[in-house]
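The block underneath contains the structure these notes are about, expressed in structure tokens.
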Amino acid sequence: MREILYRDAIIEALDEEMRRDESVFLLGEDIAEFGGSYKTTVGLFEKYGKERVRNTPISEQGIVGATLGAALMGMRPVAELMYIDFTGVAMDQIVNQVAKVRYMFGGKAKTALVLRTQGGAGRSSAAQHAQSLEAWFVHVPGLKVVMPSTAHDAKGLLKSAVRDDDPVMFIEHKLLYLEKGPVPEEDYTIPLGVAEVKREGRDITIVATSSMVGKSLAAADELEAEGISCEVVDPRTLFPLDRETILNSVKKTGRCLITHEAVQRCGWGAEIAATLAREAFDYLDAPIERVCGMETPVPFAPKLESHVIPDKDDVIAGVRAVISGL
């Protein structure tokens, strides 16, 4: 199978959906001639023109408001918000409008829209451009939240998100854009709400999201040499959540480590831990461990940034602690 960049998988998904459905159009800052800040819309302006690939002013509130209005009129807009940090400017639109309109109109109003954004650290972007805020959106009824970790998943999930009749927060990671992975040339989609076991194992389940999936797989490779067999589960969709796959994995292994780049306090992993404590308690042979970002704004200095963001070695240390009972 061919291998392409994560960002090219995003472009292919948008291209195929725009070709398939004329109601799909794009809007965001610098996404037209410039191709987007992370080059995830390159070539689409030349192919579809200014009516369907629309540059916007620097106003996240305006972007989200226009996206919602277009969806209510029967379009399927895909908006790009340059950084997840900037969603704070548009939270009234996202939380009080986008997430609630369909409910408040008794299901008669369709809000088929996608808000693409990217989060995470690793490029010395500093505290206002490197946050992991996915838990904000998982907490809001009415929103679906997707976090793909591979090029294959990014394409298949984005195509499903575009076709969905509910609003979808589609959260990419800035360090994954230049990662390559196998992506089929034929048309395919990945259903929202379906997790994937990225690696089979018997001793411990690692539930990982976004950039932490790759780090967890690398950790599992090293731990295998020590005789520790790790199963790595990627939820892919944070809501709706495939609880069954995670529960079945933990029931098999008896142990669980949850890892994400966001800070631990009230992070998405706390929901997984609570679910396991309630529904898999009798299967657990050890306390649940979490490996997350430190509870501090993300530093600008590269060494400090790498210190506060969890890496492969942190996952390895966490697994060893669970296995040893420390």
Side-chain angles (χ1 to χ4, degrees), residues 119-120 132-135 137-139 144-150 152-154 157 169 171 173 176 190-224 228-293 309-323:
S132 297
L133 303 174
E134 60 272 9
F137 304 103
V138 177
H139 185 69
K144 295 180 179 178
V145 184
V146 179
M147 286 188 75
S149 66
T150 66
H152 175 271
D153 292 351
L157 289 166
M169 290 293 304
I171 305 171
H173 194 290
L176 295 178
I190 297 173
L192 304 187
V194 178
E196 182 178 32
V197 177
K198 297 291 188 183
R199 177 190 174 114
E200 297 277 353
R202 63 179 182 277
D203 297 324
I204 186 171
T205 296
I206 302 175
V207 181
T209 60
S210 191
S211 65
M212 293 309 299
V213 174
K215 295 175 183 179
S216 296
L217 290 170
D221 287 340
E222 290 197 21
L223 289 163
E224 190 71 35
I228 300 174
S229 175
C230 301
E231 182 150 298
V232 179
V233 179
D234 179 1
R236 301 195 291 194
T237 304
L238 305 190
F239 186 83
L241 177 65
D242 182 357
R243 295 159 66 251
E244 183 178 0
T245 295
I246 297 171
L247 286 168
N248 287 341
S249 177
V250 173
K251 288 177 181 179
K252 179 177 73 172
T253 65
R255 300 177 180 87
C256 184
L257 179 143
I258 304 160
T259 181
H260 52 66
E261 194 172 306
V263 298
Q264 178 171 293
R265 184 177 67 244
C266 296
W268 175 84
E271 177 66 20
I272 298 299
T275 298
L276 294 174
R278 182 178 65 250
E279 299 187 35
F281 182 81
D282 292 338
Y283 297 90
L284 289 169
D285 297 324
I288 300 164
E289 181 64 86
R290 285 183 286 169
V291 172
C292 309
I309 299 303
D311 59 17
K312 175 195 68 175
D313 291 336
D314 295 319
V315 175
I316 290 173
V319 168
R320 287 173 178 162
V322 175
I323 295 295

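Numbers here are sequence positions counted from 1.
- Contact between Val322 and Cys256 at its shortest, heavy atoms only, is CG2-O, 4.5 Å.
- Contact check for Lys198 versus Thr150: side-chain heavy atoms found under the 4.5 Å cut-off.
- A distance of 9.5 Å separates CD1 of Ile288 from CD1 of Ile272, quoted to the nearest 0.5 Å.
- With rounding to the nearest 0.5 angstrom, the CG atom of Leu241 is 12.5 Å from the CG atom of Leu192.
- Annotation: side chain of Glu261 is not in contact with side chain of Cys292 (no heavy-atom distance under 4.5 Å).
- By the 4.5 Å heavy-atom criterion applied to side chains, Ile204 and Ile323 are counted as neighbours.
- The shortest distance between side-chain heavy atoms of Val197 and Val233 falls below 4.5 Å.
- Contact record, Arg236 with Leu157: CB-CD1, 4.0 Å, taken as the closest heavy-atom pair.
- Although no hydrogens or angles enter the test, the distance criterion places no donor-acceptor pair under 3.5 Å between the side chain of Ser149 and the main chain of Val213.
- Across Lys252, Arg255, Arg199, a single residue satisfies salt bridge (Lys or Arg N to Asp or Glu O under 4.0 Å) together with Glu231, and that is Lys252.
- Proximity of Asp242 to Thr237: side-chain heavy atoms (C-beta onward) are nowhere separated by under 4.5 Å.
- Using a distance-only test at 3.5 Å, with no hydrogens or angles considered, a donor-acceptor pair links the side chain of Asp314 to the main chain of Asp311.
- Checked by atom type and distance alone, the side chain of Thr275 pairs as donor or acceptor with a backbone atom of Glu271 at under 3.5 Å.
- The two atoms that bring Val319 and Cys230 nearest to each other are CG1-SG, 4.2 Å, heavy atoms only.
- Counting heavy atoms from C-beta on, the side chains of Leu247 and Leu276 come closer than 4.5 Å.
- The heavy-atom pair separating Pro235 from Trp268 by the smallest distance is CG-CH2, 3.4 Å.
- Under the 4.5 Å side-chain criterion, counting only non-hydrogen atoms from C-beta, Pro310 is not in contact with Val315.
- Ile258 contributes atom CD1, which lies 12.5 Å from atom CE of Met212 (distance to the nearest 0.5 angstrom).
- Distance check, rounded to the nearest 0.5 Å: NZ of Lys312 to CG of Asp221 gives 9.5 Å.
- Scanning both residues, Asp153 and Pro148, for their nearest heavy atoms gives C-CB, 3.9 Å.
- Within the 4.5 Å cutoff, side-chain heavy atoms of Thr259 are placed close to those of Ser216.
- Side chains of His260 and Glu134: a donor-acceptor N/O pair is absent below 3.5 angstrom, by distance only.
- Put simply, the side chain of Arg290 gets close to the backbone of Gln264: a donor and an acceptor are under 3.5 Å apart.
- Among all heavy-atom pairs drawn from Gly201 and Ser229, the shortest one is CA-OG, 3.2 Å.
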